[in-house]
Novice: 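Here it is, the structure in full.
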Amino acid sequence: MKNSTPLILKSVSELKQWRSSLSENQNIGFVPTMGALHAGHASLIERASKESELCIVSIFVNPLQFGPKEDLARYPRTFDADVSLCHLAGASVVFAPLPHDFYPSEFSTDVEETKFSQPLCGATRPGHFKGVTTVVLKLLNLVRPRTAYFGLKDAQQFLVIQKMVQDLCLNVRIEGCATVREADGLAMSSRNRYLSASEREIAPLLYKTLTQTAQKIQGGSNIELALNQGVAILSQAGFRVQYLELRSLDTMEAIAGEMTQSSTPGLLAVAAHLGATRLIDNVVISSHS
Ligand code: AMP
């Protein structure tokens, strides 16, 4: 089964029919994506395929999670290559609905997590996480997987989804998968293909600055000072920084002053534009140095 070409389901009704042909407690692994797949996505699909009887990947550029001035129209769409990658990574099924089928004109429901979704990308992309939780809940209800896999490259998204699953008692396990990086440290992203050759040369500085800032903070430096220095380094190199912040992984509250033995683990997260491309990345800082 895992070696044959994936079954392609192109509508919600095809997905419903397929799901109803399986047992409710079938061990399904689910990987939601927006396509333009790369090795980061492949790592999630490979893991889901290994840990499940059946791996399904959704490919859907979700209009609800894009702001009016964002890149919905030009978001890369590479469907045939995506299906090949899904096949190689072990997926059995690809779900790729059209927007008007997934969100018919009478669709009128939003799902919103209101705490973990507020800072960082929630503050810089209003409405983004509401779009994410709405699409993910609908996908989880349709697919009814045992486990759904998300990348820790989008750490805040992972935390928001985990919170939704906990708050709404959804019967699914959420697994986070490590960020896959290029050899020079740049986190793989569908948006990296927007970078010009010169921007691509500068881009790895984002991760380098994150790790250097993390080392300073872990070594006892004042947090605000280390963050300000990080922003200065990135700005000087040509990034337009939206945020570089350290927040508690447990509460998403900002961590100020110094990391101490008793501090909760921190998420050091950054978002910055390089030219027209918005890049995000993060590292986790443990409480003890
Ligand atoms: P996207 O297609 O960008 O919505 O991503 C689909 C899933 O792949 C999300 O759970 C992302 O966090 C995950 N993902 C994207 N890039 C990477 C990466 N470089 N490493 C690991 N997971 C990733």
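For ligands, and for the atoms within them, numbers begin at 1 and follow the listed sequence.
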Novice: For atom 1 (P) of ligand 1, what's the nearest protein heavy atom and its distance?
Specialist: His41 NE2, 3.6 Å

Novice: If the cut-off is 4.0 Å to any non-hydrogen atom of Thr179, which atoms of ligand 1 fall inside it?
Specialist: 20 (N), 21 (C)

Novice: Tell me whether ligand 1 is touched by Arg181 - counting only heavy atoms on the residue side and a distance under 4.0 Å.
Specialist: no

Novice: Would one find an N or O of Ala187, backbone or side chain, under 3.5 Å from an N or O of ligand 1?
Specialist: no

Novice: Could you tell me the separation between the CE atom of Met188 and the CG atom of Leu37, rounded to the nearest 0.5 Å?
Specialist: 12.5 Å

Novice: So how far is it from Leu274 CG to Arg191 CZ, rounded to the nearest 0.5 Å?
Specialist: 14.0 Å

Novice: At what distance is the nearest protein heavy atom to atom 10 (O) of ligand 1, and which residue and atom is it?
Specialist: Gly151 N, 2.8 Å

Novice: Can you see whether Phe95 has Lys138 sitting over its ring - NZ or CZ less than 6.0 Å from the centre and within 45° of the normal?
Specialist: no

Novice: Any nitrogen or oxygen of Val180, main chain or side chain, under 3.5 Å from a nitrogen or oxygen of ligand 1?
Specialist: yes

Novice: Taking only heavy atoms of Ala178 into account, list the atoms of ligand 1 that are under 4.0 Å away from them.
Specialist: 20 (N), 21 (C)

Novice: Determine, for Tyr194 and Arg278, whether the Lys NZ or Arg CZ falls below 6.0 Å from the six-membered ring centre while staying within 45 degrees of the axis.
Specialist: no

Novice: Would Thr33 count as being in polar contact with ligand 1, using the rule that some N or O on each side must be under 3.5 angstrom apart?
Specialist: no

Novice: What do you reckon, does Cys177 have a nitrogen or oxygen under 3.5 Å from a nitrogen or oxygen of ligand 1?
Specialist: no

Novice: Flag Met34 as yes when one of its N or O atoms lies below 3.5 Å from any N or O atom of ligand 1, and as no otherwise.
Specialist: yes

Novice: Measure the distance from atom 7 (C) of ligand 1 to every protein heavy atom, then report the residue, atom name and distance (to 0.1 Å) of the closest one.
Specialist: Pro32 O, 3.7 Å

Novice: Suppose I only count heavy atoms of Met188 and a 4.0 Å limit; which atoms of ligand 1 are within that range?
Specialist: 16 (N), 17 (C), 18 (C), 19 (N)

Novice: Does the separation of the ring centres of Tyr149 and Phe30 fall below 6.0 angstrom?
Specialist: no

Novice: Between Lys216 and Gln229, is any side-chain donor less than 3.5 angstrom from a side-chain acceptor?
Specialist: yes

Novice: Return yes if a side-chain donor-acceptor contact under 3.5 Å exists between Asn25 and Ser23, otherwise no.
Specialist: yes

Novice: Hey, are the side chains of Val180 and Leu44 touching, using non-hydrogen atoms and a 4.5 Å cut-off?
Specialist: no

Novice: Rounded to the nearest 0.5 Å, what's the gap from CD on Gln162 to CG on Leu170? Could you check?
Specialist: 12.0 Å

Novice: List every atom of ligand 1 that sits less than 4.0 Å from any heavy atom of Phe150, numbering the atoms from 1 in the order shown and giving each element.
Specialist: 10 (O)

Novice: Count the heavy atoms of every other residue, nucleotide or ligand shown that sit under 6.0 Å from CD of Glu112, and state whether that count exceeds 12.
Specialist: yes

Novice: Can you find an N or O of Asp154 that's nearer than 3.5 Å to an N or O of ligand 1?
Specialist: yes

Novice: Report, in ascending order of atom number, the atoms of ligand 1 lying under 4.0 Å from any heavy atom of Leu44.
Specialist: 7 (C), 8 (O), 10 (O), 13 (C), 22 (N)

